[in-house]
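Below is one structure, written out as structure tokens; comments come after it.
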Amino acid sequence: MLYNVIIWVYLAAFLTSCTADFCNWTGSSFTDEKGPGLVLQVRLRCATGWIRWSSPGQALRVVLEPTLSSTLHPTVCIKPSPSLRGVNVFIERSGRLKLLAMEKMACFRADGDHGPMPVIYLEASVQNAVSWRRRSVGLKYELTYPRTGASPDQTGLEGDLCRPCNNTELLMAVCISDFVVRGSIQKVSHNSKRQTSLIHVSVTRVYRQHGSLFEQQLKFTRLHPMSSPSWSGHISTLLQCHIKPGEGEFLFTGSGHFGNAWLGCAPRFKDFLPVYHSARAARSNPCDFPLD
């Protein structure tokens, strides 16, 4: 397997360029009866999409270069399909490949020689080339940028995700995060294998959410036979952030990855109010936020 310095980037004769629909790619390594080529190269230009690799050959190199990218280095999350088992997934960093531990999802921060463009490298076993002809493997990818709702980073390459948001980041987070909810922490569970923590949240107000990250439930009591709606959900973050249950109401913001909520800025609601009032008085708030 390829763990050391990768020189194939400079061997253009061995790279086969592939076209895509900007977001997604479907292709095969077997272009003729002779067998797979050495490396297929794919370029995708969206923040989200998927890859489906039929009859995998030796390797597939995927460059993610979204047209709306900036000088900020995005965090990339990859969700493998069950069929991806047996294929090694690497990230390319400064001429080297770093193996990702792929379970349900893996994330990494883009940096290195390619600037903000993340590079994913998939390697199939040459010894099993015959059996690969009958298989199709795939994965989904998502890119997010710092502080638009923090993203998971299982490779530990973004050490500031545990840092509390400053006032500017907080005001922006309530405007552009995938979810903004107010609620309390019921409990926190930890998963040392995946290096993540799961925050169980009881939600009193949903300001915004994309998808069904938080679900509404109906509760019945003897004293109140009429149903009373309530919301609940789970928010993931890094184990290294050492999240603990806290009293009071919090304003949770963050990003959604493959149907799961990931923590961004999360101040106590009472601490958020003076920040927002000051910004509104100075007309520096990036958006209006409902306070009722």
Subject >> For His234, all residues meeting ring-ring contact (aromatic ring centres under 6.0 Å, His included), sequence neighbours excluded >> reply: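 If we apply the ring-ring contact (aromatic ring centres under 6.0 Å, His included) test to His234, skipping adjacent residues, the hits are His200.
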**OP:** For His277, check ring-ring contact (aromatic ring centres under 6.0 Å, His included) against everything at least two apart and list the hits.
**Re:**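 For His277, no residue satisfies ring-ring contact (aromatic ring centres under 6.0 Å, His included) once neighbours in sequence are set aside.
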Side-chain contact test, heavy atoms from C-beta onward, threshold under 4.5 Å: evaluate it for [X] versus [Y] and give yes or no.
| X | Y | result |
| --- | --- | --- |
| Ser232 | Ser202 | no |
| Phe214 | Ile235 | yes |
| Leu40 | Trp25 | yes |
| Pro80 | Val89 | no |
| Ile91 | Leu100 | yes |
| Phe90 | Val119 | no |
| Arg61 | Glu92 | yes |
| Asn24 | Thr26 | no |

**OP:** Report the C-alpha separation of Ile120 and Ile78 in whole Å, then their side-chain angles, then the decisive distance to 0.1 Å, and conclude whether the side chain to side chain contact (heavy atoms under 4.5 Å, CB included) test is met.
**Re:** CA-CA 10 Å; Ile120 304 170; Ile78 301 172; 3.7 Å; yes
Original post:
Got a sec, which residues hit salt bridge (Lys or Arg N to Asp or Glu O under 4.0 Å) with Arg268, two or more places apart in sequence or on another chain?
Top reply: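 Once residues adjacent in sequence are excluded, Arg268 has no partner under the salt bridge (Lys or Arg N to Asp or Glu O under 4.0 Å) criterion.
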**OP:** Under the salt bridge (Lys or Arg N to Asp or Glu O under 4.0 Å) rule, collect the residues that match up with Glu142, sequence neighbours excluded.
**Re:**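 Salt bridge (Lys or Arg N to Asp or Glu O under 4.0 Å) check on Glu142 returns nothing, list empty.
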State yes or no: do [X] and [Y] share one hydrophobic cluster built from I, L, V, M, F, W and Y residues joined by side-chain heavy-atom distances below 4.5 Å, directly or via other members?
| X | Y | value |
| --- | --- | --- |
| Val201 | Leu251 | no |
| Leu84 | Leu44 | yes |
| Ile243 | Leu170 | no |
| Val180 | Leu263 | no |
| Phe179 | Val206 | yes |

Please report the interatomic distance [atom1]([X]) to [atom2]([Y]), rounded to the nearest 0.5 Å.
| X | Y | atom1 | atom2 | answer |
| --- | --- | --- | --- | --- |
| Trp50 | Cys23 | CH2 | SG | 10.0 Å |
| Leu97 | Glu123 | CG | CD | 8.0 Å |
| Cys77 | Lys140 | SG | NZ | 13.5 Å |
| Ser236 | Trp262 | OG | CH2 | 4.5 Å |

Considering only distance and modelled atom types, tabulate donor-acceptor pairs under 3.5 Å from the side chains of residues 279-291, sequence neighbours left out.
unit_1, atom_1, unit_2, atom_2, d
Ser284, OG, Ala279, O, 3.3
Asn285, ND2, Cys287, O, 3.1
Asn285, ND2, Asp288, OD1, 3.4

Under 3.5 Å, is there a donor-acceptor pair between the side chain of [X] and the main chain of [Y]?
| X | Y | answer |
| --- | --- | --- |
| Ser54 | Ser136 | no |
| Thr253 | Cys265 | yes |
| Asp178 | Gly254 | no |
| Asn167 | Val275 | no |
| Glu215 | Trp231 | no |

Subject >> Qualifying salt bridge (Lys or Arg N to Asp or Glu O under 4.0 Å) pairs with a residue from residues 201-213, counting only residues at least two apart or across chains >> reply: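 Passing the test, one end in residues 201-213: Arg205-Asp292.
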Original post:
With clusters built from Ile, Leu, Val, Met, Phe, Trp and Tyr whose side-chain heavy atoms come within less than 4.5 Å, directly or transitively, what are the remaining members of the cluster of Leu198, listed by chain and number?
Top reply: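 The other cluster members (ILVMFWY side chains, heavy atoms under 4.5 Å, direct or chained): none.
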Might you point out which heavy atoms bring [X] and [Y] nearest each other, and give the distance in Å?
| X | Y | value |
| --- | --- | --- |
| Pro267 | Phe272 | CG-CB, 4.2 Å |
| Asn191 | Leu239 | O-CD2, 4.2 Å |
| Leu143 | Pro118 | CD2-CG, 4.1 Å |
| Leu139 | Leu122 | CD2-CD2, 4.0 Å |

For [X], all residues meeting side chain to side chain contact (heavy atoms under 4.5 Å, CB included), sequence neighbours excluded:
| X | answer |
| --- | --- |
| Glu249 | Arg182, Thr204, Phe269 |
| Asn166 | Arg163, Thr168, Glu169 |
| Ile185 | Val188, Ile199, Pro245, Phe250, Phe252 |

**OP:** Can you sort out the partners of Ser197 under side-chain hydrogen bond (donor to acceptor under 3.5 Å, both in side chains), two or more places apart, ordered by chain and number?
**Re:**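 Partners of Ser197 by the side-chain hydrogen bond (donor to acceptor under 3.5 Å, both in side chains) criterion, ordered by chain and then number, come out as His190.
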Subject >> Residue pair Val76, Leu64: steps toward the side chain to side chain contact (heavy atoms under 4.5 Å, CB included) verdict >> reply: CA-CA 9 Å; Val76 185; Leu64 303 177; 4.0 Å; yes
